[in-house]
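To start, the structure under review is shown below, and the notes come after it.
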Amino acid sequence: MQNEVIGPELYDTHCHLDFVEFEGRQEALLESCRRASVTKLIIPSIDRGSWEGVQGLSLGHPQLSYALGLHPLFIARHSLGDISRLDACLSPRPEGLVAVGEIGLDVTAADMALQYSLFEAQLALASDHGLPVIMHARKTHSQILSALKKFPGKGVIHAFSGGKDLLDQYVAKGISIGVGCVITWPSATRTRSAVATAPLGSLLLETDSPDMRVSGLRREFGCPSDIRQVFSALCNIRSESPEILAAALRDNAEEIFYAGQ
């Protein structure tokens, strides 16, 4: 049937519905998510120029929430003055805001000193405002783990692609693991093995669409409804039943992002 809903309810805790790939297609994408039982989605922002857009999308669609932050890959668009602007946007907490993000460090981007200053400042803001963080890392895990010693709190290391030792270090700090398209690729043996034995309470589902793609995808970019393939891959490597897995993943997201809603 055309209106049939597929499988257990899932959340996509990281998708960029405001990106140009989805321009003019958000309503159709959200309908495809509804049919795929993807009932909640979080849209992280990347720079101050995207804050208004992600907030506007969220306010128009009850199933959407958003995060505000300064992504390290777009360092050329940021300044230290953006921190005071971000602070003002977080209080009083707007409807639909669930995190500070996407923040982090990336060795492929310029000006690591400014990246680190912005990262620590955003960790401090999240702590001050009682918000979790959504973190991006590329070959900077040691620096991120060091910064987290100063600013303990809830959050997720998104698009996790490391092994068990790294996963355990994040979990020990109370940071959740963003399980995404990586685990759908059979070649990702190290990450699949780490996620297979990770504490169930530490896992969140995400697509990072449109940037990341599940294995075997023919279209050029990912979509939030691809979370079903990520979930299927997780079911294949975990020992729990799909029903238990889905319920735990929802509970994890609710506890981190939606408890104060």
Side-chain angles (χ1 to χ4, degrees), residues 7-15 33 36-44 58 63-67 69 96-104 123 126-127 130-137 144-145 148 151-162 164 166-184 191-209 212 214 224-261:
E9 181 182 357
L10 302 175
Y11 298 171
D12 184 353
T13 62
H14 196 119
C15 59
C33 285
S37 297
V38 185
T39 57
K40 290 188 179 181
L41 305 91
I42 297 173
I43 315 171
S58 174
Q63 66 269 54
L64 298 181
S65 302
Y66 67 98
L97 177 71
V98 295
V100 172
E102 182 173 350
I103 70 175
L123 288 176
S127 179
L131 287 164
V133 290
I134 297 173
M135 295 179 291
H136 166 104
I144 285 178
L145 287 163
L148 289 173
F151 303 100
K154 295 178 183 179
V156 56
I157 187 74
H158 110 90
F160 183 79
S161 61
K164 185 180 186 306
L166 183 60
L167 185 149
D168 288 345
Q169 290 181 69
Y170 279 113
V171 170
K173 293 188 178 300
I175 299 299
S176 296
I177 306 301
V179 179
C181 300
V182 170
I183 67 162
T184 69
T191 302
R192 286 164 59 88
S193 177
V195 169
T197 58
L200 181 55
S202 69
L203 303 181
L204 297 170
L205 282 188
E206 61 170 65
T207 61
D208 196 22
S209 55
M212 297 191 75
V214 295
S225 57
D226 297 337
I227 205 77
R228 294 234 70 89
Q229 287 97 308
V230 178
F231 178 66
S232 178
L234 185 62
C235 290
N236 287 337
I237 61 176
R238 296 282 304 191
S239 61
E240 300 90 352
S241 70
E243 293 76 18
I244 289 175
L245 267 179
L249 292 163
R250 292 193 303 270
D251 288 346
N252 296 345
E254 289 284 346
E255 194 274 330
I256 294 170
F257 295 115
Y258 302 108
Q261 296 292 295

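Along the sequence shown, residues are numbered consecutively beginning with 1. Worth knowing before you read on, the calculation uses all heavy atoms, side chains too, and leaves out hydrogens, waters and symmetry mates.
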Legend entry - Shortest non-hydrogen separation from S176 to L204 and the atoms involved: CB-CD1, 3.9 Å
Legend entry - Full working for side chain to side chain contact (heavy atoms under 4.5 Å, CB included) between M135 and V156: CA-CA 6 Å; M135 295 179 291; V156 56; over 6 Å; no
Legend entry - Donor-acceptor contact below 3.5 Å, side chain N252 vs main chain A247: no
Inset, instruction - Starting at CZ of R192, measure out to CG of N236 and round the result to the nearest 0.5 Å. - result: 7.5 Å
Inset, instruction - May I have all residue pairs that pass salt bridge (Lys or Arg N to Asp or Glu O under 4.0 Å) and include part of residues 197-206, sequence neighbours excluded? - result: none
Inset, instruction - State, with a plain yes or no, whether a side-chain heavy atom of Y11 is found less than 4.5 Å away from one of L249. - result: no
Inset, instruction - Using a 4.5 Å cut-off on heavy atoms from C-beta on, say whether the side chain of L203 contacts that of L245. - result: no
Legend entry - side chain to side chain contact (heavy atoms under 4.5 Å, CB included) partners for S209, two or more places apart: D12, C15, F22, T207, P224
Legend entry - Minimal non-hydrogen separation, L41 against C33, with atom names: CD2-SG, 3.9 Å
Legend entry - Flag side-chain contact, heavy atom, 4.5 Å: Y170 against L148: yes
Inset, instruction - Check whether any side-chain heavy atom of K40 sits under 4.5 Å from a side-chain heavy atom of R250, and report yes or no. - result: no
Inset, instruction - State which residues pass side chain to side chain contact (heavy atoms under 4.5 Å, CB included) with P242; sequence neighbours excluded, sorted by chain then number. - result: F231, C235
Legend entry - Counterpart residues, ring pair (Phe, Tyr, Trp, His ring centres under 6.0 Å), relative to F160 (two or more places apart): none
Legend entry - Intermediate values then yes/no, side chain to side chain contact (heavy atoms under 4.5 Å, CB included), I256 and V98: CA-CA 9 Å; I256 294 170; V98 295; over 6 Å; no
Inset, instruction - Identify the two heavy atoms, one from A137 and one from I157, that lie closest to each other, and give their separation to 0.1 Å. - result: CB-CD1, 3.8 Å
Legend entry - Those residues that, when tested against S241, pass side chain to side chain contact (heavy atoms under 4.5 Å, CB included) (two or more places apart): E243, I244
Inset, instruction - Could you tell me which residues satisfy salt bridge (charged side-chain N to carboxylate O under 4.0 Å, His left out) with D208, sequence neighbours excluded, listed by chain and number? - result: none
Legend entry - Shortest non-hydrogen contact from A99 toward L131: N-CD2, 4.1 Å
Inset, instruction - Report the C-alpha separation of E9 and S37 in whole Å, then their side-chain angles, then the decisive distance to 0.1 Å, and conclude whether the side chain to side chain donor-acceptor pair (under 3.5 Å) test is met. - result: CA-CA 5 Å; E9 181 182 357; S37 297; over 6 Å; no
Inset, instruction - Report yes if the side chains of L64 and I43 come closer than 4.5 Å at any heavy-atom pair, otherwise no. - result: yes
Inset, instruction - Check side chain to side chain donor-acceptor pair (under 3.5 Å) between R238 and all other residues, then give those that pass, not counting sequence neighbours. - result: E240
Inset, instruction - With the side chain counted from C-beta on, respond yes when F257 and K154 share a heavy-atom pair under 4.5 Å apart, and no when they do not. - result: no
Legend entry - T191 (side chain) donor-acceptor with S161 (main chain) under 3.5 angstrom: yes
Legend entry - Closest non-hydrogen atom pair between I42 and T13, with its separation: CB-O, 3.5 Å
Legend entry - Within-4.5 Å side-chain heavy-atom neighbours: V133 and I103: yes
Inset, instruction - Not counting sequence neighbours, which residues clear side chain to side chain donor-acceptor pair (under 3.5 Å) with S193? List them please. - result: none
Legend entry - Qualifying residues under side chain to side chain donor-acceptor pair (under 3.5 Å), relative to D168, sequence neighbours excluded: K164
Legend entry - By side chain to side chain donor-acceptor pair (under 3.5 Å) - contacts of Q63 (at least two apart): none
Legend entry - With S202 via side chain to side chain contact (heavy atoms under 4.5 Å, CB included) - residues at least two apart: V171, I177, A198, P199
Legend entry - L145 and L166: CA distance, side-chain angles, deciding distance, side chain to side chain contact (heavy atoms under 4.5 Å, CB included) verdict: CA-CA 10 Å; L145 287 163; L166 183 60; 4.1 Å; yes
Inset, instruction - Ignoring hydrogens and angles, tell me if any N or O in the side chain of T184 forms a donor-acceptor pair with the backbone of A233 under 3.5 Å. - result: no
Legend entry - Student check: side-chain heavy atoms of H14 and E102 closer than 4.5 Å: yes
Inset, instruction - For residues L234 and I183, report the shortest heavy-atom separation together with the two atoms involved. - result: N-CD1, 3.6 Å
